[in-house]
Amino acid sequence: MSDLLQVKNLYTSFNTEDGVVPAVNGISFNLKHGESLGIVGESGCGKSVACLSIMRLIGHPGKVEADEIKLDGTELQALSEKKMRSMRGNDMAFIFQEPMTSLNPVYTIGFQLQEAIQLHQGLNKEQSQHKSIEMLEMVGIPRAEKVFSEYPHSLSGGMRQRAMIAMALSCEPKILFADEPTTALDVTIQAQILELMTDLRQRINTSIIFISHDLGVISEMVDRVIVMYCGIIIEDTDVRTLIKNPRHPYTIGLINSKPRIDVELERLEPISGSVPNPLNMPSGCPYHPRCESAMEICREKLPENHEIKDGHRVCCWLFSELGGKIKS
Amino acid sequence: MSRFMSRFTRNPAKTGILNETNNNDEVLSPGKIIWKRFRRNKIAMIGSFILLILIILAILAPVLTPYERDAMELQNREEPPSSEHLLGTDRQGRDLLTRVLYGGRISLSVGLVASSLQMVIGVILGSLAGYYGKWLDTLIMRITDMVIAFPFLALAITAAAVLGPSIYNTMLIIGFLTWTETCRLVRGQFLSIKQMEYIEAAKATGANEFRIIWHHMLPNALAPILISSTLIMATAILVEAALSYLGLGVQAPMPSWGNILEPARSMIVLMNMWWLWLPPGFLIFISVLSINLVGDGLRDALDPRLKN
Amino acid sequence: MTEPIVKLENIKKYFPIRGGVFSRVVGNIKAVDDVSFVINKGETLGLVGESGCGKSTLGRTILKLLDPTGGRAFYKNNDIFKTDKQQLRHLRRELQIIFQDPFSSLNPRLNVGEIIGESLEIHGEVSGKEKQERVEYMLEVCGLAPHHHRRYPHEFSGGQRQRIGIARALTLNPDFVVADEPISSLDVSIQAQIVNLMEELQDTFGLTYLFISHDLSMVRHISNNVAVMYLGKVVEICGKNELYQNPLHPYTQALLSAVPIMDPDAKSKRIILKGDVPSPANPPPGCNFNPRCRYAEERCRQEEPELREISPGHQVSCHLVEKGVGKLD
Amino acid sequence: MKQYILRRLLQMIPTLIGTTFIVYIIINMAPGSPLSHMIDPTITGEALARREEQLGLDRPLLQRYGTWLTEAAQGNLGYSTRYRGRLVTEIIQSRLLATVILTFSSIILSFILAVPIGVISATRQYSTLDYSVVVTAIAGVSVPVFFLGIVLIWAFAFQMGWFPVGGMVSAGVRHPTILAWAADVGKHLVLPLLTLTAANTARFVRFTRSSMLEVIRQDYVRTARAKGLSERVVIYRHALRNALLPVVTILGLSLPFLFSGAIITEAVFAWPGMGTILIESVSQRDYGLLMGINVFLAVLVILGNLLADIFYSVVDPRIRYD
């Protein structure tokens, strides 16, 4: 499989009154055609910002820089705003976390669906209405024709998220960013939406980047996972390896601190401390103040990426010769 | 150490914490943060500076002026500015600079008193309505609706005419006509603070109503109240000026910026004697502007949502 | 050794709905509708359910932070709902609450010392230096630095703020603590810290918890018994292992199966429920759950099931338990 | 929806009664008898008392208010004492057109100016343009209306001689056609309109800008961008419509301020509207007319609020009042 999306050294920072907040600090990853990639991390780790940066949806006072952001071979950074707009919602679509606030309250569901369809597919009003209703049916909304002319407030959270999914998929995008699409929903509704997304994935040929803080959701939804911490990628591997054989101390800590519904644990093993203040990042590896295996070098230098196995990258000194030497 | 304390033996460090984000010992109280943000706002700082100068000038008026406030020099009436009378003299031969400085005292104090009055009324009614709710809320909100429905300036003019124009009536009228905004604001604040979990926490520890209102709710509602009162003070100065200009506010010989302007209702004065109306008008504008800038700056400093 | 400490009998909490031209009461939202159970001393009862099921309302009602519509709640032998102001104030030392939102639960205008020390002041327990010592001690117990008492809430992270909230609740050395979603707004790695802290404190001070949460995995970890709520009613209650291994109510079964499992090999047999939770203002007749239940029969649509003891310590409210619903597949 | 409007209409009644009652009390606080200014000062005390009895002035306040209210409900706002007993409603009617011309043209003009300025300023927050708009708007609400008025008269009527000093039409001129009349009115209108509009525009700009700032941070605006819509469509279709909803409500609530500005402006420019008669009746102690004008304006304010609310509920689909 060839690469659909290539991101190289992406940096996003926000200029605030209190100083520069580096939200994404030089991440690189690829997404293959038809692949689903998960991005895991705690709040503030930069996972959403990274995706919004790729879509060029970061507004003032954010600043995005990258060596490369290529979609299907096209360098996105070189595109004019106009060209970029024609790709947004068309080649790349986004599903947001909050279904309650992500739809415009003063327009009908149908209007908001048609908008993108008319814009990108050049369909007329009637055709786009037909297509919209078709999309609503596809995402399992009952009485789609009635919902078409309803306003968002009359739908439940789950239904709104379905409508958002319909909107995102209406132009058959090459890549779909799903930013915590089920976090705001109850667990039984989350199950409905996850099943819908799994089902849709089999039916349409779209690559997905699935953002979540929930390793349970991730392990059900994706093929490959990126773990982010403080704006950098600390581990990148397939989902099976990540959960069965995680290598980075943070990933291990994350997995150990989560109780399981299927297994009884005597005691949870939390990661100590908390995420550092983005305005006051620790030197070296951002994880070292919380890391039990931290060494001298971790305090001084940001570790490099180490491919410890085919397709398994870890960003940690424990796996480098240099780090090993200093440890001994 | 009580027995209660000695029960705890285990070391909580295992649970892990204490990687501090703020290692210096400076405690950043909410007040300090607001001040820090306010200080960064250049326009608001300029406003505060001008306001400070105006207040100092008003306070020092007796020291700064060589003339008596009401002293008339009948031989020197309607004199244009000169080295003797820097801003000229009025129709009774009084020194205008003197009157403008004293006028600042009156105008600023009318603004201050009127806005304090509305604040007291608004805060009391608003907190009663917001905290107790139910029929009391309905009653207070109905009264507020009635006062909001007053045609503001028309009623102020009418009341001033009926009660007789004077500085005290001006303060009272403005105070009684402007409290509705504060009342609604405080009520809204109380309603939203009431939903906060820290209020429930206080209840859960057994705090009484008095403590909840005074200790937990009012301090959290204070900042918006102050902002709105600052902005209302600006309005009050404008209303005083308008009433006095119409001859219905502060009465001569007591000078206020508004009533110094009154002669400008005559076309002859307006056309030929700019020094009679330009300086006081300009001072009203500057003082109201600086108060508004301060109020606006405070609002920005307090509402981090608007800053990113 | 299972001595009941809190006993609830038919607790009801309705919120009136107003409408019409004259804002008359036209109906009720039955947030909590006839809930009874017992919590044993030193144990944790997990209360789970989806948003809007009434679990938080129940937690607040039994502490009389909300006025109950009906029923009785006993702490030891005191009827909490029947206390006058003075008695209630006294009871408040024994009954405490930890909140969900670490941001809105701490008064931003007070420093940490004032927040934690307030209860000591209210109850006149200690003052001055002794109060200060107690505050510092509580901070230390909850894993914070004692010298932090001069700081303000905004200087702390979410997890640290939650620790402050816990310290506040425990200052008066209560017996029974309602923990209302104490971890749901925290990051995963912090959740475990807080739960561990709560467990340690339980051992140390002999606390009894009502642990309200929608996180079924965490409830399994921390609880002794678990109650499942749906639309204002308890549909199933029993020991935790019994519940997680042998859920009997169709809703419990669906709820448990809906939780994503962190294991790429586990192919879950998921039960997908139809539709959304009905509005508690207008619950369906018969069993509340019948419109979404795949086993629903005629009887379920007409007759409301009672919470019955099926096996020792396992209560379920379903007409069809004996038919072994859910084990069919 | 119908129910909501009905409820609001019912709620309006006690507000109206309360408002007029307070106004009535205030006006009745006037020292001396209302008749003393109307009638020949040489009249005997006895005759005056008889006259008062005739008019029911000896009855208690509440009773008199009751009578007044009954009359007012039938559209009779009482009699002017100055204009020899002319109906207050008649006098108001004769001056209404002038006020309507001034106020409405100012509201419309300032709205047309303010919305785009507010939107552009909000979309470029922190730019130099935004700062200048903010400061100018604050300055605009800080200028005393009458002072701005006299400065304009001084500059453009006296110094430049471009516009007339005051009034609504040139004195002693007969207009052959409606158009000529309109042209004359238009010339007189420029300065007062400018005065009133400066203040109103500044207020509206501030409302629009802050409302817009709130809205462009909403998730649905980001959704609209993610769909690939152009910035124009995002701002003017998705954001502005939401932002204008609260502006409409504030507009309803700020009617008293709008009238206040109009009263002062009329007084400065001798514009023959309700503001001018209000001030005339103050100096003439015409309490009947004062009462009438206050009540008339109060009703306008209450109706304005009601209309704003109803408009809001119609435009915002989230609000379902039944």
Side-chain angles (χ1 to χ4, degrees), chain B residues 42-43 47 142-143 145-164 177 181 231 234-235 237-239 241-242 245-248 257-258 261 264-265 267 270-272 274 277-278 280-282 284-293 295-296 305-308, chain D residues 11 14-16 18-19 21-23 26-31 125 131 134-135 138-139 141-147 150-151 153-154 158 165-166 210 213-214 217 253 255-257 259-261 263-264 267-268 274-275 278-279 282-283 285 287 290-291 293-294 296-302 305:
Chain B
K42 267 184 225 133
I43 298 172
R142 284 292 150 270
I143 296 175
D145 281 351
M146 289 171 197
V147 178
I148 286 178
F150 287 151
F152 181 76
L153 194 66
L155 193 64
I157 289 171
T158 307
V162 168
L163 303 173
L177 284 179
E181 215 179 299
L231 298 174
T235 311
I237 293 176
L238 283 177
V239 177
Y245 167 75
L246 295 172
L248 294 165
W257 287 334
L261 265 159
R265 287 171 79 189
M267 287 301 158
L270 180 56
M271 198 159 31
N272 302 319
W274 60 267
W277 51 267
L278 197 59
F282 184 69
I284 299 170
F285 169 54
I286 289 296
S287 60
V288 172
L289 176 63
S290 58
I291 294 173
N292 275 332
L293 289 175
D296 221 54
R305 246 180 340 150
L306 291 178
K307 302 255 154 193
N308 246 332
Chain D
Q11 269 173 8
T15 312
L16 262 176
T19 307
F21 184 58
I22 299 171
V23 174
I26 291 173
I27 289 187
N28 275 280
M29 280 161 95
Q125 206 190 359
Y131 277 118
V134 169
V135 174
I138 294 179
V141 295
S142 304
V143 189
V145 175
F146 65 92
F147 181 60
I150 60 182
V151 169
I153 292 178
W154 183 77
F158 290 150
V165 171
S210 58
L213 280 179
E214 187 87 32
R217 285 184 169 68
L253 281 173
L255 275 182
F257 287 93
F259 287 145
S260 301
I263 289 170
I264 282 281
V268 172
M274 301 205 2
L278 178 84
I279 291 174
V282 165
S283 53
R285 306 205 165 268
Y287 294 120
L290 270 181
M291 180 75 199
I293 295 173
N294 273 295
F296 180 76
L297 289 178
V299 174
L300 281 188
V301 171
I302 293 173
N305 283 338

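Below, chain A is the first sequence line, B the second, and so on; all start at residue 1. Both backbone and side-chain heavy atoms feed into the values below; hydrogens, waters and symmetry mates do not.
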Which bit of [X] comes within less than 4.5 Å of chain D, counting heavy atoms only: side chain, backbone, both or neither?
{"X": "L248(B)", "value": "side chain"}
{"X": "A154(B)", "value": "both"}
{"X": "T235(B)", "value": "side chain"}
{"X": "L261(B)", "value": "side chain"}
{"X": "I43(B)", "value": "side chain"}
{"X": "D296(B)", "value": "side chain"}
{"X": "L246(B)", "value": "side chain"}
{"X": "I237(B)", "value": "neither"}

Is it the backbone or the side chain of [X] that comes under 4.5 Å from a heavy atom of chain B, or both, or neither?
{"X": "I263(D)", "answer": "side chain"}
{"X": "F158(D)", "answer": "side chain"}
{"X": "L278(D)", "answer": "side chain"}
{"X": "I279(D)", "answer": "side chain"}
{"X": "L16(D)", "answer": "neither"}
{"X": "V299(D)", "answer": "neither"}

For R265(B), check salt bridge (charged side-chain N to carboxylate O under 4.0 Å, His left out) against everything at least two apart and list the hits. none

W257(B) side chain to G281(B) main-chain N or O, any donor-acceptor pair under 3.5 Å? no

What's the separation between atom CG in N28(D) and atom CZ in F21(D), rounded to the nearest 0.5 Å? 9.5 Å

Over all atoms of both residues, closest heavy-atom pair of P144(D) and I284(B): CG-CG2, 3.4 Å

